[in-house]
Protein chains: 4
Amino acid sequence: MSTNNIDAGHLKAFIERLERLDEERRGLVGDFNAVLDEAAGTGYDKKILRKIVSLRRQDAHKRREEEEILDLYLANLGMS
Amino acid sequence: MSTNNIDAGHLKAFIERLERLDEERRGLVGDFNAVLDEAAGTGYDKKILRKIVSLRRQDAHKRREEEEILDLYLANLGMS
Amino acid sequence: MSTNNIDAGHLKAFIERLERLDEERRGLVGDFNAVLDEAAGTGYDKKILRKIVSLRRQDAHKRREEEEILDLYLANLGMS
Amino acid sequence: MSTNNIDAGHLKAFIERLERLDEERRGLVGDFNAVLDEAAGTGYDKKILRKIVSLRRQDAHKRREEEEILDLYLANLGMS
DNA sequence: TCAGATAAAATCGCGC
DNA sequence: GCGCGATTTTATCTGA
């Protein structure tokens, strides 16, 4: 019933939420690799598939960054 | 309608599945960090929380391995 | 004259080389920031300058990666 | 021939100086890692080598700070 | 072992 | 001057 208990309860709850998310994440990594294996089974090259996913993500990222810099310019010119 | 088209279709499907999983994974990483931030907001130390999650995962992993070894021993002794 | 001494000598030499490189690197970071300050002094926005440098580096990086993936495809098709 | 052109020229010059410095910095990071690899090849542990360099830098930093404080004290006592 | 990708930790620069 | 977000650096993990 002390403050410590309450804190411990909080801590426990946080840890449990973190562990749940971490497990889910690890599950998805497993799924990702399973899909890679499946694709490899039908003749695709895993390395290439990873590269494609990576490049496409980078594209999206760069596009977003370019928009940001445009915003910066506009803000700088008092046009935002 | 050539074989190439079919392959392209397969490839596209694989890429999409991979991207979906990758995005979900990244989403979970975001959620994880959000929980960390929330916990930090109530006074916990992020680094320590991460460490706890990591240690508990390793514990679980070690426990599982030890059980496996035990199973092997038992099987070996005809006691499984 | 023991093996330990020889190892110690090697270790010392490695550490010194590493420290020299690290110091040079830190010097360049200082120079970089000095140029940023200078540019800021003539009215440019540091944040934008950083962004430009970063975007241009990403461009170069992506271009290189795209060449790599092309090579991968070609190798995969036996055309390398 | 407008003011904009002059600015653009300035901007270009600044960007080029920044990129040169950034590239040099990245080159040194590469060299640093190359030395680490070389050391690893003769049996040293990269992680530990990094740690040593980092600790020694912190030591040096702390020593410098302590000297500064000492200088302050001395100046304050009219003994500088 | 090696490199490449990912995750984790530390550092830095900005705004309040 | 300090938190906060972004960047950089360090460490881990995986596949070749």
Side-chain angles (χ1 to χ4, degrees), chain A residues 18 21-22 25-26 28-30 32-34 36-37 39-40 45-55 57-58 61 64-65 68-69 72 75-76, chain B residues 18 21-23 25-38 40-41 43 45-55 57-58 61, chain C residues 18 21-22 25-26 28-30 32-34 36-37 40 45-55 57-58 61 64-65 68-69 72 75-76, chain D residues 18 21-22 25-26 28-30 32-34 36-55 57-58 61:
Chain A
L18 291 170
L21 291 167
D22 193 52
R25 184 182 62 77
R26 285 169 192 278
L28 286 172
V29 170
F32 187 94
N33 288 323
L36 274 189
D37 287 343
D45 183 284
K46 287 193 207 181
K47 214 160 145 185
I48 290 182
L49 293 174
R50 279 184 190 278
K51 206 81 173 170
I52 293 173
V53 172
S54 156
L55 281 175
R57 187 179 58 239
Q58 282 183 50
H61 179 67
R64 240 172 291 127
E65 278 213 16
E68 274 175 45
I69 203 178
L72 278 179
N76 228 258
Chain B
L18 290 171
L21 291 168
D22 194 51
E23 264 175 55
R25 184 183 62 78
R26 285 169 192 278
L28 285 172
V29 170
D31 294 348
F32 188 94
N33 287 322
V35 174
L36 275 188
D37 287 344
E38 188 188 336
D45 183 283
K46 288 192 206 181
K47 200 163 133 186
I48 291 179
L49 292 175
R50 280 182 190 279
K51 207 75 183 172
I52 292 173
V53 172
S54 158
L55 286 175
R57 185 180 60 241
Q58 285 175 41
H61 181 66
Chain C
L18 290 170
L21 292 167
D22 194 52
R25 184 182 62 80
R26 284 168 193 279
L28 285 172
V29 170
F32 188 95
N33 287 323
L36 273 189
D37 287 342
D45 182 283
K46 286 194 208 181
K47 213 161 148 187
I48 291 181
L49 293 175
R50 280 183 190 277
K51 206 79 173 172
I52 293 173
V53 171
S54 156
L55 281 176
R57 187 180 57 240
Q58 281 184 48
H61 179 67
R64 240 173 290 126
E65 279 213 11
E68 275 175 44
I69 203 178
L72 278 179
N76 229 259
Chain D
L18 290 170
L21 292 167
D22 194 52
R25 184 181 64 78
R26 284 168 193 278
L28 285 173
V29 170
F32 188 94
N33 288 322
L36 276 188
D37 286 344
E38 189 189 334
T42 78
Y44 291 108
D45 183 283
K46 289 191 205 180
K47 198 164 132 187
I48 292 179
L49 292 175
R50 281 183 189 277
K51 206 75 182 172
I52 292 172
V53 171
S54 158
L55 286 176
R57 186 180 60 241
Q58 286 174 40
H61 181 66

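So that the names make sense, note that chain A is the first sequence line, chain B the second, and so on, each numbered from 1.
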(message) Tell me every residue that passes side-chain hydrogen bond (donor to acceptor under 3.5 Å, both in side chains) with B:Glu38, counting only those two or more places apart in sequence or in another chain.
(response)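 B:Glu38: side-chain hydrogen bond (donor to acceptor under 3.5 Å, both in side chains) contacts with A:Arg17.
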(message) Suppose we screen for side-chain hydrogen bond (donor to acceptor under 3.5 Å, both in side chains). Which residues come up paired with C:Lys51, at least two apart in sequence or across chains?
(response)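 For C:Lys51, the residues satisfying side-chain hydrogen bond (donor to acceptor under 3.5 Å, both in side chains) (neighbours in sequence not counted) are A:Glu68.
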(message) side chain to side chain contact (heavy atoms under 4.5 Å, CB included) for C:Glu65 and C:His61? Distances and angles first, verdict last.
(response) CA-CA 6 Å; C:Glu65 279 213 11; C:His61 179 67; 3.1 Å; yes
(message) Which residue in the set B:Asn33, B:Ile52, B:Val53 passes side-chain contact (heavy atoms from CB on, under 4.5 Å) when paired with A:Leu18?
(response)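 So, applying the side-chain contact (heavy atoms from CB on, under 4.5 Å) to A:Leu18 and each of B:Asn33, B:Ile52, B:Val53, only B:Val53 qualifies.
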(message) So if I define the base as every atom that isn't primed, P, OP1 or OP2, how would nucleotides 4-16 of chain E read as a B/S/- string at a heavy-atom cutoff under 4.0 Å?
(response) -SSSSSS--SS--
(message) Tell me the closest heavy-atom pair linking C:Leu36 and C:Lys46, and the distance in Å.
(response)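 Taking every non-hydrogen atom into account, O-CG, 4.0 Å.
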